[in-house]
Every structure is written in C-alpha cells, then in structure tokens.
Amino acid sequence: MGDKEVRLFGMWASPFTKRVEWALKLKGIEYEYVSENIPFSKSEELLRLNPVTKKILVLVHNGKPLAESLVIIEYIDETWKEGYSIMPKDPYDRA
C-alpha cells in the first residue's frame, strides 16, 4: 500500500487518535496525519468525510472514510494481515 493511500484525521490530545496511531505503527503502515483544530474549527474535508457525526477520528484508506477508533483498528488488523496481530482472532476474546 502506498503512503498516500492512508490518511488519519485526528487531534493531538485525543486518546482515540493515539489508539489508531499505535495500531498503524504496530502494523508498519505509512500514513499522512491531518491535525484538526478541535474544538475551535473543523476542516471542510473532515465535515465531508464524516457528515453524520462531524467529529474526529476519521481514517481514509483509498478514498474511503471510516470513523470510530475500534472499528478503524479492526479494519487495520483485517486489511493488513502481515506483521503483528492487534485483535484476537477468536470472536469471544475480541469482545
């Protein structure tokens, strides 16, 4: 995967942003970080990518946006199978 294909919209103080950043780093995925100036302003791009809640955290992979940190981490783990496994394979253990 190319480094331009993954973008993360977040905020430096958000624990949810940090959670996804660590997942990306554990998997060795290169990504572009887009810092949002929450709560003072939200970029037009963020509002376009997440029109329902209009909040951070948003991961964009190949032009497709995903929201919610746990959903994003599951997506990362299932999309990039090589390397470290982040989530347990067993559904009960994952829950």
Side-chain angles (χ1 to χ4, degrees):
M1 305 282 161
D3 59 352
K4 297 283 185 192
E5 297 177 14
V6 179
R7 300 175 73 207
L8 180 63
F9 289 76
M11 180 187 156
W12 68 271
S14 165
F16 305 108
T17 298
K18 295 299 178 198
R19 177 191 294 190
V20 172
E21 283 186 286
W22 275 109
L24 290 165
K25 290 176 183 181
L26 282 170
K27 287 288 194 175
I29 302 165
E30 292 187 30
Y31 64 97
E32 176 188 350
Y33 179 75
V34 180
S35 182
E36 291 289 334
N37 191 17
I38 308 293
F40 304 108
S41 66
K42 297 176 183 176
S43 69
E44 289 298 318
E45 191 170 15
L46 174 67
L47 297 175
R48 180 180 59 77
L49 292 168
N50 192 359
V52 176
T53 64
K54 300 177 180 167
K55 297 179 182 179
I56 59 166
L57 173 75
V58 176
L59 178 90
V60 182
H61 179 224
N62 292 328
K64 297 177 184 175
L66 295 161
E68 301 298 328
S69 64
L70 188 53
V71 171
I72 293 169
I73 290 170
E74 289 176 355
Y75 176 83
I76 290 168
D77 206 27
E78 292 176 14
T79 301
W80 288 275
K81 301 224 182 260
E82 63 279 347
Y84 184 81
S85 181
I86 298 168
M87 303 294 287
K89 298 297 178 207
D90 182 84
Y92 182 80
D93 291 341
R94 242 187 347 260

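All values below were derived from every heavy atom in this structure, side-chain atoms included, with hydrogens, water molecules and symmetry-related copies excluded.
- When all heavy atoms of K81 and E78 are compared, the closest pair comes out as NZ-O, 3.3 Å.
- F16 and V71 are assigned to two separate hydrophobic clusters, defined by single-linkage of ILVMFWY side chains at heavy-atom distances under 4.5 Å.
- For CD of E45, the number of neighbouring non-hydrogen atoms (other residues, nucleotides, ligands) closer than 6.0 Å is greater than 12.
- For the atom pair CD1 of I29 and OG1 of T79, the computed distance is 8.0 Å after rounding to the nearest 0.5 Å.
- The distance from atom CZ of R7 to atom NE2 of H61, rounded to the nearest 0.5 Å, is 13.5 Å.
- Hydrophobic clustering, with ILVMFWY side chains joined whenever heavy atoms are under 4.5 angstrom apart, groups V6 together with Y33.
- Using a 30° and 60° split on the angle between ring planes, W80 and Y75 fall in the perpendicular class, above 60°.
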Could you check L70 against M87 for side chain to side chain contact (heavy atoms under 4.5 Å, CB included), going step by step and ending with a plain yes or no? CA-CA 10 Å; L70 188 53; M87 303 294 287; 4.0 Å; yes
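- Residues V58 and P65 share a closest heavy-atom pair of CG1-CB, 4.0 Å.
- Linking Ile, Leu, Val, Met, Phe, Trp and Tyr residues whenever their side-chain heavy atoms come within less than 4.5 Å leaves M11 and L47 in two separate clusters.
- Note that CG of N50 and CG of L59 are 12.0 Å apart. Values are rounded to the nearest 0.5 Å.
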Start with the C-alpha distance between S14 and I56, add both sets of side-chain angles, then the distance that settles side chain to side chain contact (heavy atoms under 4.5 Å, CB included), and finish with yes or no. CA-CA 9 Å; S14 165; I56 59 166; 4.1 Å; yes
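- Not counting sequence neighbours, K55 has no partner by the salt bridge (charged side-chain N to carboxylate O under 4.0 Å, His left out) test.
- Looking at heavy atoms from C-beta onward, E74 lies out of side-chain contact with L66 at the 4.5 angstrom threshold.
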Under 3.5 Å, which donor-acceptor pairs link side chains of residues 19-26 to any protein atom two or more places apart or in another chain?
| residue | atom | partner | partner atom | Å |
| --- | --- | --- | --- | --- |
| R19 | NH1 | S69 | OG | 3.1 |
| E21 | OE1 | K18 | NZ | 3.3 |
| E21 | OE2 | Y31 | OH | 3.3 |

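- With a 4.5 Å cut-off on side-chain heavy atoms, K27 and D77 count as touching.
- Environment of CD in E82: crowded, with over 12 heavy atoms of neighbouring residues, nucleotides or ligands closer than 6.0 Å.
- In terms of the side chain to side chain donor-acceptor pair (under 3.5 Å) criterion, residue partners of E36 (sequence neighbours excluded) are, by chain and number, S43.
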